[in-house]
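Down below is the structure, laid out as structure tokens.
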2 protein chains.
Amino acid sequence: MVDSRGRRSVIEAAGNLCRRVGLPRTVGQIYGLLFLSPRALSLESIAEQLGISKASVSTGTRQLASWGAIRQVWVPGNRKDHFEAIPEIGGLIRNAYRQILKPRLDASQKRAAALIEVLRQDYETGALTKEEFDFCCRRMHTLSRLQKGLQSFAPLLEQIL
Amino acid sequence: MVDSRGRRSVIEAAGNLCRRVGLPRTVGQIYGLLFLSPRALSLESIAEQLGISKASVSTGTRQLASWGAIRQVWVPGNRKDHFEAIPEIGGLIRNAYRQILKPRLDASQKRAAALIEVLRQDYETGALTKEEFDFCCRRMHTLSRLQKGLQSFAPLLEQIL
DNA sequence: GATTCCGTTCAGTACGGACTGAACGCAGTA
DNA sequence: TACTGCGTTCAGTCCGTACTGAACGGAATC
């Protein structure tokens, strides 16, 4: 178990943050622990310091490594895997945006455009009245304006982080 | 049940979006339905068009109204409550930021500052070595730099949406 | 080649929370 | 005052999923 109150509280905060974003809390805890550890830690050491199973640590470290949040390092004369945090969180956020959010935004914009065609079909088959169809089209336009606005964030994000 | 394919797909998308953000999917579905409805809908009508219970609609509409995402309107000669969407989603995001994200950011920044003091106590009580203490302090500083960066988003967000 | 020491995988459990159905409260109506 | 129609509340169920413990595989040591 971690003995420092200060460390514990940031580990807890990191866990809660992850949970809030839909990630396993253990993932946040692992990163928090490594973030405040001057030396790379073994999988077993992480497990016992956090009081969780080695299985959770194993899957958690895989996730974190796949995102470039931690790195696996060799400790000579030691067969265990050791992990250390990569402290550039801004870069992580930037990557998350580029690889996850941005593609999703682009895709949803395309789908929104295609949707108007579907709505027209619904209108022609009588599933929508003229009034409903017109209204939906107008609403879809306000949606794409919003999407445009969100996408204009991209360069700002890349610039600041 | 909703009869238009186009409408169904945006309702589904809204539901998934909410679920991904940690909100009940029904909340997104309700907003999606109202967003594409030219007339205000009764609680009962919402329930049957979405195929969910009136209880869910009741709690969902309360949530949405508390965020200013929908509005309750009176339909003369009709005892039922009716709801309509407020289509300015950008404003919703702005409010969510002001009322939820920003306070949280500010609080966490304060806590981070206080944490250094806790870490010092841990060091003095022997829970941390000097090396660990110094390292933690440096890491906390990189954290507050990140927080500063995130906070500099604020004016941009307010400006764009 | 046998053994020990790792890390991973997988089936099973536990838990949180969304959703439901029924009971309740409360207005309007007779 | 009884009754009906409406929305809310609450206990209970259901579902997704994070987490665990044990079994497995693989590499290094003897």
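Because only heavy atoms are used, hydrogens play no part in the values below, and waters and symmetry mates are left out as well, while side chains stay in. Worth saying up front: this structure is predicted, and the values here are computed from it rather than measured. In what follows, every chain begins at residue 1, and chains take the letters A, B, ... in the order their sequences are listed.
With dT9(C), dT8(D), dG7(C) as the choices, the nucleotide that has an atom nearest any side-chain atom of D81(A) turns out to be dG7(C). Across dT8(C), dC6(D), dT20(D), the shortest atom-to-atom separation from the side chain of K80(B) is found for dC6(D). Comparing dC19(C), dG7(C), dT9(C) by their nearest atom to the side chain of K54(A) picks out dG7(C).
To the nearest angstrom, C1' of dA27(D) lies 16 Å from CG of L43(A).
Applying the 4.0 Å criterion to OP1 and OP2 of dC19(C), one finds that S53(B) has every side-chain N and O outside that range. The phosphate of dG7(C) (OP1 or OP2) has no side-chain N or O of S58(A) nearer than 4.0 angstrom. Considering only side-chain N and O atoms, S56(B) lies nowhere under 4.0 angstrom from the phosphate OP1 or OP2 of dC19(C).
In the interface, the side chain of R79(A) is not paired with the base of dC6(C) through any donor and acceptor atom under 3.5 Å apart.
Rounding to the nearest 0.5 angstrom, the gap separating the CD atom in Q29(A) from the CD1 atom in I46(A) is 11.5 Å.
S37(A) places a side-chain N or O within 3.5 Å of a backbone atom of L33(A) that can act as its donor or acceptor partner.
Within residues 11-26 of chain A, the residues approached by DNA chain D to less than 4.0 Å at the level of any non-hydrogen atom are P24(A), R25(A), T26(A), in residue-number order.
Rounded to 10 degrees, the angle separating the terminal helix axes of the helix from dG1(C)-dC30(D) to dA30(C)-dT1(D), each built from five base pairs, is 10°.
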